[in-house]
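Naming convention: chains lettered A, B, ... in sequence-line order (proteins, then strands); numbering from 1 in each chain. Just so it is clear, the structure is predicted and the values come from calculations on it, not from any experiment. For the numbers below, each heavy atom of this structure counts, side chains included, while hydrogens, waters and symmetry mates do not.
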2 protein chains.
Amino acid sequence: MADHTESLVMDEFMKSCRAHGLKVTPQRLAIYKMLQGSSEHPSADAVYRRIHEQYPSISFDTVNRTLLTFVDMGVIDTVESHQGVRRYDTDTSTHHHLHCVKCGKIVDFYDAGLNAIEIPASVSKGFTILGKRVIISGICPECTSKMQSQEGH
Amino acid sequence: MADHTESLVMDEFMKSCRAHGLKVTPQRLAIYKMLQGSSEHPSADAVYRRIHEQYPSISFDTVNRTLLTFVDMGVIDTVESHQGVRRYDTDTSTHHHLHCVKCGKIVDFYDAGLNAIEIPASVSKGFTILGKRVIISGICPECTSKMQSQEGH
DNA sequence: GTTACTGCAAAGGCTTTGCAGTCTG
DNA sequence: CAGACTGCAAAGCCTTTGCAGTAAC
């Protein structure tokens, strides 16, 4: 059944490519497949390194350009951040982020209440809203405990 | 009175420098003063170009490093974005952002209700929360009307 | 057979690092 | 005066662009 579900997902992806006038290539299939189920928010380089293990002939450029293409297609998003390399979000549904200011880790979280946030009409006037997200910045548990263990400075 | 208020602000800034063990230099004063009242979210280059007009001997590097120093001091923040050059936010109080995905413009907005957002304890567990922000992405009025005027494609 | 995609290479843009001279406290 | 800051230059990353060969349709 896992295989069945997986092939359905890939079928959908191939349809989406054709709908956008894009060709279905082995590289695109491999990258898309790899992104399924990756919940960390990888950079182009991270995707490249992982996919390169099982597909050594693929180039970084193809991975990089494919990710940008996927963003255009709407199958992934770019993550907002306080700078650094571009990172991608494989979950295009509405959700929220915790940003660790120490290690840069980004954790997804889901909350129906936050999804329902209302923007005051006065601020959204004339602005076409496409998405809403709550960003919590702070220090993740790992970094917090690291800091406590070096507390005496 | 404007002068009085202004010098108070500068006094506070100089105190803050000393509190952080930093020296008060003409460059830092000039940059800080320029940032007061700039509500667009400028890049290092934008700050440099503006300040260079009235302070031609200042270098880009100094501006760039000073802005990073100010972030460490906590007098400004970096803006979260979906890539591009680093931009700064001169307002360190809690507020929210509208991001135009077309032109990259970022508009501040204030809403007490949104400031009071509650994060589910299950997600914030172990995470030290430093700040919360709602990011609305969409298309600003200017870009919306541009798109409508070229509607016929 | 066309048209688009891949891989390689180079260029570009922003940020970071190193250092000598200069200035603040 | 000592330590820090500035300005200049170079190095580093990541991202973008250009092109010839190759693959999808």
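Nearest to the side chain of B:K23, among D:dG7, D:dA9, C:dT24, sits C:dT24. Of the listed nucleotides (C:dG25, D:dG7, C:dG7), D:dG7 has the atom at the smallest distance from the side chain of B:I58. When the nucleotides C:dA9, D:dA9, D:dT15 are ranked by their closest atom to the side chain of A:D61, C:dA9 comes out on top.
With contacts defined as side-chain heavy-atom distances shorter than 4.5 Å, the pair A:T92/A:V75 does not qualify. Under the 4.5 Å side-chain criterion, counting only non-hydrogen atoms from C-beta, B:R28 is in contact with B:F13.
Protein atom CZ of A:R65 is 14 Å distant from nucleotide atom P of C:dA9, rounded to whole Å. Residue A:D72 contributes atom CG, which lies 12 Å from atom P of C:dC5 at whole-angstrom precision. At whole-Å resolution of the value, NE2 in B:H20 and P in D:dG3 are 22 Å apart. Rounded to whole angstrom, the span from the CZ atom of B:F60 across to the P atom of D:dA10 amounts to 17 Å. C:dG25 atom P lies 9 Å from atom CE of B:M14, rounded to whole Å. Going from atom OH of B:Y48 over to atom C1' of C:dT15 covers 16 Å, rounded to whole Å. Atoms CG (B:L29) and P (C:dT24) sit 10 Å apart, rounded to a whole Å. The interatomic distance linking A:I51 (CD1) with C:dG7 (P) rounds to 11 Å, in whole Å.
For C:dC14, neither phosphate oxygen OP1 nor OP2 lies less than 4.0 angstrom from any side-chain nitrogen or oxygen of A:Q83. Close to D:dT6, at under 4.0 Å from its OP1 or OP2, lies no side-chain N or O of B:T62. B:R86 has a side-chain polar atom (N or O) that falls below the 4.0 Å cut-off from OP1 or OP2 of C:dT16.
Residue-level contact check: B:N64 touches the bases, meaning some heavy atom is under 4.0 Å from a base atom. Within 4.0 Å (heavy atoms only), A:R28 reaches sugar-phosphate atoms of the nucleic acid but no base atom. Residue contacts shown for A:L68 are limited to sugar-phosphate atoms, with no base heavy atom under 4.0 Å away. Using a 4.0 Å heavy-atom distance criterion, A:S57 is classed as a sugar-phosphate-only contact.
In this structure a side-chain-to-backbone donor-acceptor pair under 3.5 Å is present from B:H82 to A:T78. Between the A:K132 side chain and the A:I117 main chain, a donor and an acceptor come within less than 3.5 Å of each other. No side-chain donor-acceptor contact under 3.5 Å links B:S16 to the backbone of B:E12.
Looking only at atom types and distance, the side chain of A:H97 has a donor-acceptor partner in the side chain of A:D108 under 3.5 Å away. Side-chain contact, A:D89 with A:H95: a donor N or O sits under 3.5 Å from an acceptor N or O.
Position along DNA chain C of the nearest nucleotide to B:L22 versus A:T66 favours A:T66 as the more 5'-ward residue. Positionally, the nearest nucleotide of DNA chain C for A:V63 lies more toward the 5' end than for the other of A:V63 and B:T25.
Here the closest non-hydrogen pair linking A:F109 and B:P120 is CE1-CD, 4.5 Å.
The terminal axes of the helix from C:dG1-D:dC25 to C:dG25-D:dC1, fitted over 5 pairs per end, subtend an angle of 40° to the nearest 10°.
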